[in-house]
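The structure under discussion appears below in the form of structure tokens.
Values below: every heavy atom of this structure, side chains too, minus hydrogens, waters and symmetry copies.
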Amino acid sequence: MSKVRLRLSGALMFAANLVGYLTGFLFTVFITRRLSEEEFGVWALIGSFITYSLMPFNLVSSWISRDAARGKKILSSAAALFLLLTPISIAIYFSIAVGSAAAINYDPWTMILGIMILIPYILLTLGTAIQSGYAPQNLGVASIIFEISKVILAFYLVVTLRLGLIGAFISLSIAYLIQAAILLGRATPLFQRRVSKELIVKWAKGAPVNTIQMINDVLCATDIVLMSVITGQAIVAGYWRAAVAASALVTSSHVLMSGLGPRLISGGTQRDLDKAFDLTMMLMIPMFFGFVILSKDILWILRPAYSDAWIASCLLALAGVVGTFGGFGAVAVSGTDKFDQKDSLSMKEYLSSRIFVLNRLNLIITILYVISVMIYLLVFRMLSLMEIVLGIAGINLLFAVIRSAVNLKLMRRFTVLKLDLRNLPHYLLASTIMAVVVCSVRTCIGPLSARALEAALPILFLVAIGALTYGAIMYLINRDFRLFIKEVYSFISSFL
């Protein structure tokens with residue numbers, strides 16, 4: 001059976017998210033300070049190419065996760081299917097990388113070398129598909145180890161040896177391989193010698209349904225490619241990537257609900273949704289308020305020139321907050337859909353599922369988003385880099401609102417679950433007070449140094465002040481927060 005522990009999954013994923021943001025930010029600083037703005041844009045483009053190359057695996061990953069959540073012995077069957085799909089993935093990467101290199105007039109061999117990141121990422125995708133259903137708490141532990149490994153490797157290869165973009169490729173590929181090894185090693189209880197043809201056929205039958213979700217994921221990564229291709233320069237992708245990287249801690253808050261989907265699949269209730277939603281809001285809201293205050297400084301640390309993108313970064317962070325609300329609706333709809341409990345399913349059952357309806361509507365919204373971005377770029381491509389990035393960030397926010405509204409409406413239509421907003425006023429009050437305190441202290445610090453390390457120290461000090469302020473206020477006014485602190489303390493004490 002699934003080993004989902006709801007609060008532990010959320011807490012570990014938040015810890016991993018926090019460590020990931022800090023180490024990932026440090027990694028990005030290494031990259032942005034050692035690469036030119038054009039090279040950083042190429043780095044961002046290669047990330048999108050890898051997203052495209054994972055399309056074959058995305059067709060089946062969610063079905064693997066759902067069967068893992070039910071405790072089925074799926075490891076060998078999933079590995080066999082991934083092995084069959086790998087040549088297709090590699091072919092996709094080569095074709096896209098070479099074509100894009102010609103469009104932006106960049107060395108195609110550098111683009112092709114990104115393949116060294118794709119191979120370990122395929123193994124990571126397999127491990128993630130299994131663990132996201134079987135034991136989501138393992139994702140948090142593996143992510144922390146990945147982030148630490150990535151920074152150590154990048155410091156040696158990119159900063160010390162000055163290998164530039166190639167050093168970044170090697171660092172990321174080794175770190176992904178370590179993460180994948182941990183996740184697959186923890187999945188051995190789901191191993192059996194026999195490869196189940198029935199399971200592979202079942203997952204393959206579900207692939208057409210997931211085609212919609214796959215296309216949706218690919219299109220979501222297309223905005224950055226359109227920016228570079230239509231404007232004819234990679235540098236705009238670098239500014240966009242910087243804004244995305246700075247807002248990552250807020251926009252990735254959805255990981256706090258990592259255990260909710262598997263719990264609902266295995267029979268969860270409204271109480272489980274309440275726990276996940278409350279934990280997510282408790283941590284996401286203060287992160288957003290704090291980011292709005294410090295966004296310009298965070299971008300300054302990456303590279304002083306990127307600080308001009310702070311408004312765009314704030315819009316992206318807000319889009320992440322809005323998207324997280326809608327994410328609960330999507331998880332509620334998919335997690336309570338029981339149509340695939342049996343191993344033998346007809347295509348009609350797939351097409352009549354709630355998951356198919358959810359994916360279809362989200363694809364329509366994403367297509368409209370990409371069309372809007374394309375029209376904006378074609379009409380206003382002569383604007384400055386900052387104006388282009390800001391305009392696309394605004395479009396991103398608009399469609400995040402639309403997507404969330406649709407997902408929440410589907411939750412009301414298909415389920416009896418609902419979001420409990422009882423504690424939201426407490427979180428908003430404490431976050432507002434925290435923001436005022438941090439802003440007041442920030443005005444006393446003055447301009448930051450152009451050196452990354454010297455600029456980072458006062459910002460870390462401000463983050464600590466904000467966290468202490470928010471925690472103290474919440475402890476005084478919110479009973480659930482006090483209970484949460486006691487639970488965390490008990491959990492930590494059990495390991496000491």
Enter the distance from [X]:[atom1] to [Y]:[atom2] here, rounded to the nearest 0.5 Å.
{"X": "Y470", "Y": "L283", "atom1": "OH", "atom2": "CG", "result": "7.0 Å"}
{"X": "L397", "Y": "L318", "atom1": "CG", "atom2": "CG", "result": "5.0 Å"}
{"X": "R479", "Y": "N423", "atom1": "CZ", "atom2": "CG", "result": "10.5 Å"}
{"X": "L361", "Y": "I212", "atom1": "CG", "atom2": "CD1", "result": "9.0 Å"}
{"X": "F481", "Y": "Y475", "atom1": "CZ", "atom2": "OH", "result": "9.5 Å"}
{"X": "K150", "Y": "Q179", "atom1": "NZ", "atom2": "CD", "result": "9.5 Å"}

Requested in this report: Please identify each residue that fulfils salt bridge (Lys or Arg N to Asp or Glu O under 4.0 Å) with R442, with sequence neighbours left out.
Outcome: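 Checked R442 against salt bridge (Lys or Arg N to Asp or Glu O under 4.0 Å); matches are D297.
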
**Report entry** Contacts of type salt bridge (Lys or Arg N to Asp or Glu O under 4.0 Å), residue R241, not counting sequence neighbours
**Finding:**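 If we apply the salt bridge (Lys or Arg N to Asp or Glu O under 4.0 Å) test to R241, skipping adjacent residues, there are no hits.
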
Query raised in the report: Does a donor on one side chain sit under 3.5 Å from an acceptor on the other, for S65 and S132?
Result: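 A pair is found: one side chain offers a donor N or O, the other an acceptor, under 3.5 Å apart.
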
Query raised in the report: Does one side chain, of R66 or S334, offer a donor that lies under 3.5 Å from an acceptor on the other?
Result: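 There is no such pair between these side chains.
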
So, for [X] and [Y], which heavy atoms are closest and what is the spacing to 0.1 Å?
{"X": "V250", "Y": "M287", "value": "CG2-O, 3.7 Å"}
{"X": "V333", "Y": "T415", "value": "CA-CG2, 4.3 Å"}
{"X": "I64", "Y": "A78", "value": "CD1-CB, 3.8 Å"}

Is there a side-chain contact between [X] and [Y], using heavy atoms and a 4.5 Å cut-off?
{"X": "L81", "Y": "F57", "value": "no"}
{"X": "V438", "Y": "T469", "value": "no"}
{"X": "L219", "Y": "T222", "value": "yes"}
{"X": "V60", "Y": "I200", "value": "no"}
{"X": "W310", "Y": "L390", "value": "no"}
{"X": "I90", "Y": "S53", "value": "no"}
{"X": "L75", "Y": "Q192", "value": "no"}
{"X": "P56", "Y": "I92", "value": "yes"}

Would a distance-only check, ignoring hydrogens and angles, find a side-chain to backbone donor-acceptor pair under 3.5 Å from [X] to [Y]?
{"X": "S76", "Y": "R193", "answer": "no"}
{"X": "S173", "Y": "I117", "answer": "no"}
{"X": "S404", "Y": "V401", "answer": "no"}
{"X": "D337", "Y": "R354", "answer": "yes"}
{"X": "Q270", "Y": "K418", "answer": "yes"}
{"X": "W63", "Y": "G206", "answer": "yes"}
{"X": "S89", "Y": "L85", "answer": "no"}
{"X": "T251", "Y": "A248", "answer": "yes"}

Sequence neighbours left out, cut at 3.5 Å: what donor-acceptor pairs do the side chains of residues 180-190 make with other protein atoms?
unit_1: T188; atom_1: OG1; unit_2: G185; atom_2: O; d: 3.2

Query raised in the report: Under the ring pair (Phe, Tyr, Trp, His ring centres under 6.0 Å) rule, what pairs show up with a residue in residues 182-217, not counting sequence neighbours?
Result: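 Sorted result for residues 182-217: empty, none.
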
Report task. Among residues two or more places apart or on two chains, list those pairs meeting ring pair (Phe, Tyr, Trp, His ring centres under 6.0 Å) that have a residue in residues 409-434. Result ->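 Qualifying pairs, neighbours excluded: none.
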
Can you establish whether the number of heavy atoms outside [X] located under 6.0 Å from its atom [atom1] is more than 12?
{"X": "K338", "atom1": "NZ", "result": "yes"}
{"X": "R360", "atom1": "CZ", "result": "yes"}
{"X": "R194", "atom1": "CZ", "result": "yes"}

Please output the side-chain donor-acceptor pairs of residues 369-376 that fall under 3.5 Å, not counting sequence neighbours, one pair per line with the distance.
unit_1: Y369; atom_1: OH; unit_2: D223; atom_2: OD2; d: 2.7
unit_1: Y369; atom_1: OH; unit_2: N396; atom_2: ND2; d: 3.4
unit_1: S372; atom_1: OG; unit_2: L368; atom_2: O; d: 2.8
unit_1: Y376; atom_1: OH; unit_2: E387; atom_2: O; d: 2.8

Report task. Please assess V389 against V236 for the test side chain to side chain contact (heavy atoms under 4.5 Å, CB included), listing each intermediate value before the final yes or no. Result -> CA-CA 8 Å; V389 171; V236 66; 4.2 Å; yes

Requested in this report: Taking the six-membered ring for Trp and the single ring otherwise, decide whether the centroids of Y52 and Y93 are under 6.0 Å apart.
Outcome: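 For Y52 and Y93, the ring centres are not under 6.0 Å apart.
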
Query raised in the report: Does a side-chain N-to-carboxylate-O contact under 4.0 Å join R70 and D67?
Result: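 Counted as a salt bridge, because a side-chain N and a carboxylate O are separated by less than 4.0 Å.
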
Report task. Kindly determine whether V321 and M284 satisfy side chain to side chain contact (heavy atoms under 4.5 Å, CB included), including the steps that lead there. Result -> CA-CA 7 Å; V321 172; M284 180 183 69; 3.7 Å; yes

